[in-house]
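Below you'll find the structure, written out as structure tokens, and then a few comments.
Computed from a prediction, not measured in an experiment: that's the story for all the values here.
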Amino acid sequence: MADRPVTDAYHPPVKRSVEIAGHKTSISLEPLFWDMLKDAAADQDMSVNALVGKIDAERIRSSTPPGLASAIRVWLVTARLP
């Protein structure tokens with residue numbers, strides 16, 4: 001992940017478009033999470049869109065599915081846990 005000054009970690013969410021199963025949608029995430037998402041996609045040798053699609057599919061199977069942006073944040077944090 002790119003080094004960022006500590007103050008950048010508190011940057012407000014940035015909206016970006018992604019495509020999931022052929023449908024475009026926009027997601028608002030803090031730049032820190034966008035960086036983490038790009039790194040995770042690269043680690044898994046897949047595109048950001050493909051990883052978001054994977055996270056979305058997991059989210060939908062949940063008994064109480066959160067919003068997509070929340071699901072991405074949770075996935076990113078739990079994916080890095082031992």
Is the shortest heavy-atom distance from the side chain of L68 to the side chain of V52 under 4.5 Å?
-> yes
Quick one: CH2 on W34 to CG on D39, what's the gap to the nearest 0.5 Å?
-> 13.5 Å
Exceeds 12 heavy-atom contacts within 6.0 angstrom, atom CG of D45 = no
List for me each residue that meets side chain to side chain contact (heavy atoms under 4.5 Å, CB included) alongside K24, sequence neighbours excluded, and say none if there are none.
-> E19
What are the two closest heavy atoms between A71 and R59, and how far apart are they?
-> CB-CD, 3.5 Å
With distance as the sole test, does T78 use its side chain to make a donor-acceptor pair with the main-chain N or O of V74 at under 3.5 Å?
-> yes
Compare every heavy atom of P66 with every heavy atom of S70, then report the nearest pair and how far apart it is.
-> CB-CB, 4.1 Å
If you look at every heavy atom in P31 and V14, which pair is closest and at what distance?
-> CG-CG2, 3.9 Å
What heavy-atom pair brings A40 and L51 nearest, and what distance separates the two atoms?
-> CB-CD2, 3.8 Å
Rounded distance [0.5 Å steps], NZ in K15 versus OG1 in T25 | 9.0 Å
Locate the shortest heavy-atom distance separating I60 from P65; write the atom from each residue and the value.
-> O-CG, 4.2 Å
Under a 4.5 Å cut-off applied to non-hydrogen side-chain atoms, are F33 and L76 in contact?
-> yes
Where is the tightest heavy-atom contact between A69 and I27, given as atom of each residue plus distance?
-> CB-CG2, 3.9 Å
From CZ (R73) to CE (M36), nearest 0.5 Å | 11.0 Å
Test item: I55 and L37 side chains (from C-beta on) under 4.5 Å apart, heavy atoms | yes
